[in-house]
Participant: 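Dumping the structure here so I can ask a few things about it.
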Amino acid sequence: FHIKVFGQNPTHKINFETSEVTQPSVNSMPDGRSFIFNLLGHLFSMPATGGEPTQLTFGPYYDHEPVVSPDGKRIAFISNRDGSDGNIFILNLTNKKISQVSNVFMVAGKPAWSPDGKRIAFLSYWKREEYPLEKVPFFGNGDMTTLYTVDANGKNQQLISQARPYSSVFYLQDGSLAWSYTESKGQSQSMGPFSAPQQVTTIFESMPASGGNIQRMGTMNGRTGNI
């Protein structure tokens with residue numbers, strides 16, 4: 001398909017063709033007839049049976065990690081269109097309007113819609129200067145992120161938990177908010193100061209939609225990706 005690329009102050013228009021996408025973030029529409037993906041900083045939709053994609057977002061921004069709402073009418077995604085390192089925006093597929101939802105330093109990974117489509121949960125990275133020396137990433141530690149929820153209209157952004165090495169955040173069908181994070185023990189003796197943990201455990205927890213006590217759902221050895 002064809003893509004038009006524009007600079008911040010465009011003086012040239014570049015047209016090129018591609019039939020491949022490298023490591024896109026893909027999300028299916030609820031009816032299964034099409035899916036949404038990101039390519040070169042923009043969002044596209046494509047029929048599940050194949051065909052010509054349709055470009056959904058435009059401009060000198062980097063849009064990625066699209067997630068379709070349960071009713072299929074909105075797409076939440078991460079973008080730097082507010083001048084940040086990445087916040088959550090929502091594209092209304094009916095009127096094509098885009099609105100900002102979150103206001104943090106930098107959203108980490110895919111956001112998650114609540115089953116009723118009223119709230120969005122997401123992780124936000126710590127700034128590098130916020131890390132204690134013993135928790136600096138790449139020295140056997142994962143990135144530290146904080147867990148938030150926010151109304152889909154951008155109101156009531158709420159901090160749910162302090163920073164942890166979270167892996168993912170997601171909702172259960174009953175509306176409970178769930179997440180995973182890692183715990184590391186021991187250090188490998190073979191890599192010197194850049195040693196990795198000998199043992200990594202992923203822990204899964206959840207919290208009822210109405211709030212209340214956090215419940216541990218289970219653990220597994222190793223790390224997981226987005227759920």
Side-chain angles (χ1 to χ4, degrees), residues 1-113 117 120-125 137-138 142-143 145 150 152-154 166-171 223-227:
F1 49 88
H2 302 272
I3 303 171
K4 295 181 180 179
V5 181
F6 300 92
Q8 187 75 33
N9 296 299
T11 58
H12 300 283
K13 180 172 70 174
I14 303 173
N15 291 323
F16 64 93
E17 296 184 13
T18 181
S19 59
E20 298 180 353
V21 182
T22 303
Q23 293 185 324
S25 181
V26 181
N27 202 236
S28 177
M29 297 294 286
D31 61 10
R33 296 180 180 179
S34 61
F35 59 90
I36 310 297
F37 66 98
N38 63 282
L39 170 64
L40 294 176
H42 298 300
L43 305 186
F44 294 81
S45 66
M46 176 178 277
T49 54
E52 189 75 13
T54 300
Q55 188 168 343
L56 300 176
T57 61
F58 303 84
Y61 313 112
Y62 189 77
D63 305 330
H64 59 113
E65 301 290 356
V67 184
V68 182
S69 64
D71 61 7
K73 296 179 179 180
R74 295 162 293 168
I75 301 172
F77 62 97
I78 301 174
S79 178
N80 62 352
R81 56 184 58 229
D82 63 333
S84 71
D85 287 329
N87 266 296
I88 298 175
F89 291 77
I90 290 181
L91 168 64
N92 186 309
L93 292 174
T94 302
N95 58 25
K96 310 304 180 185
K97 291 184 178 180
I98 295 176
S99 57
Q100 184 171 348
V101 173
S102 72
N103 184 18
V104 294
F105 162 61
M106 182 179 182
V107 175
K110 277 183 178 287
W113 287 94
I120 295 173
F122 64 95
L123 303 173
S124 175
Y125 284 117
F138 310 119
D143 281 301
T145 54
V150 64
N153 61 8
Y166 284 103
S167 306
S168 62
V169 59
F170 53 99
Y171 280 94
R223 302 179 186 272
T224 63
N226 284 327
I227 297 176

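Excluded from the calculations below are hydrogen atoms, water molecules and symmetry mates; all remaining heavy atoms, backbone and side chain alike, are included. Please read all numbers here as calculations on a predicted model, not as lab measurements.
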Participant: How would you list, by chain and number, every residue that makes a salt bridge (charged side-chain N to carboxylate O under 4.0 Å, His left out) with Asp71, sequence neighbours excluded?
Facilitator: Arg74
Participant: For the pair Asn27 (side chain) and Val68 (backbone), establish whether a donor and an acceptor sit closer than 3.5 Å, ignoring hydrogens and angles.
Facilitator: yes
Participant: Has the side chain of Asn38 got a donor or acceptor atom that lies under 3.5 Å from a matching backbone atom of Ser25?
Facilitator: yes
Participant: When Phe89 is tested against each of Val101, Ile78, Asp82 for side chain to side chain contact (heavy atoms under 4.5 Å, CB included), which residue passes?
Facilitator: Asp82
Participant: Angle between ring planes, His64 versus Tyr62, binned at 30° and 60°: parallel, tilted or perpendicular?
Facilitator: tilted
Participant: Do any N or O atoms from the side chain of Gln100 and from the backbone of Ser102 form a donor-acceptor pair under 3.5 angstrom?
Facilitator: yes
Participant: Nearest heavy-atom pair of Pro66 and Ile75: which atoms, and what distance?
Facilitator: CB-CG2, 3.8 Å
Participant: Between Asn87 and Val104, is there a donor-acceptor pair closer than 3.5 Å when you use the side chain of the first and the backbone of the second?
Facilitator: yes
Participant: When rounded to the nearest 0.5 angstrom, what distance separates CG in Asp85 from OH in Tyr125?
Facilitator: 11.0 Å
Participant: Where does the angle between the aromatic ring planes of Phe44 and Phe37 fall among parallel (under 30°), tilted (30 to 60°) and perpendicular (over 60°)?
Facilitator: parallel
Participant: Looking at every non-hydrogen atom in both residues, tell me the closest pair between Tyr171 and Trp113 and how far apart they are.
Facilitator: CD1-O, 3.1 Å
Participant: How close do Tyr61 and Ser79 get, heavy atom to heavy atom, and via which atoms?
Facilitator: CB-OG, 4.0 Å
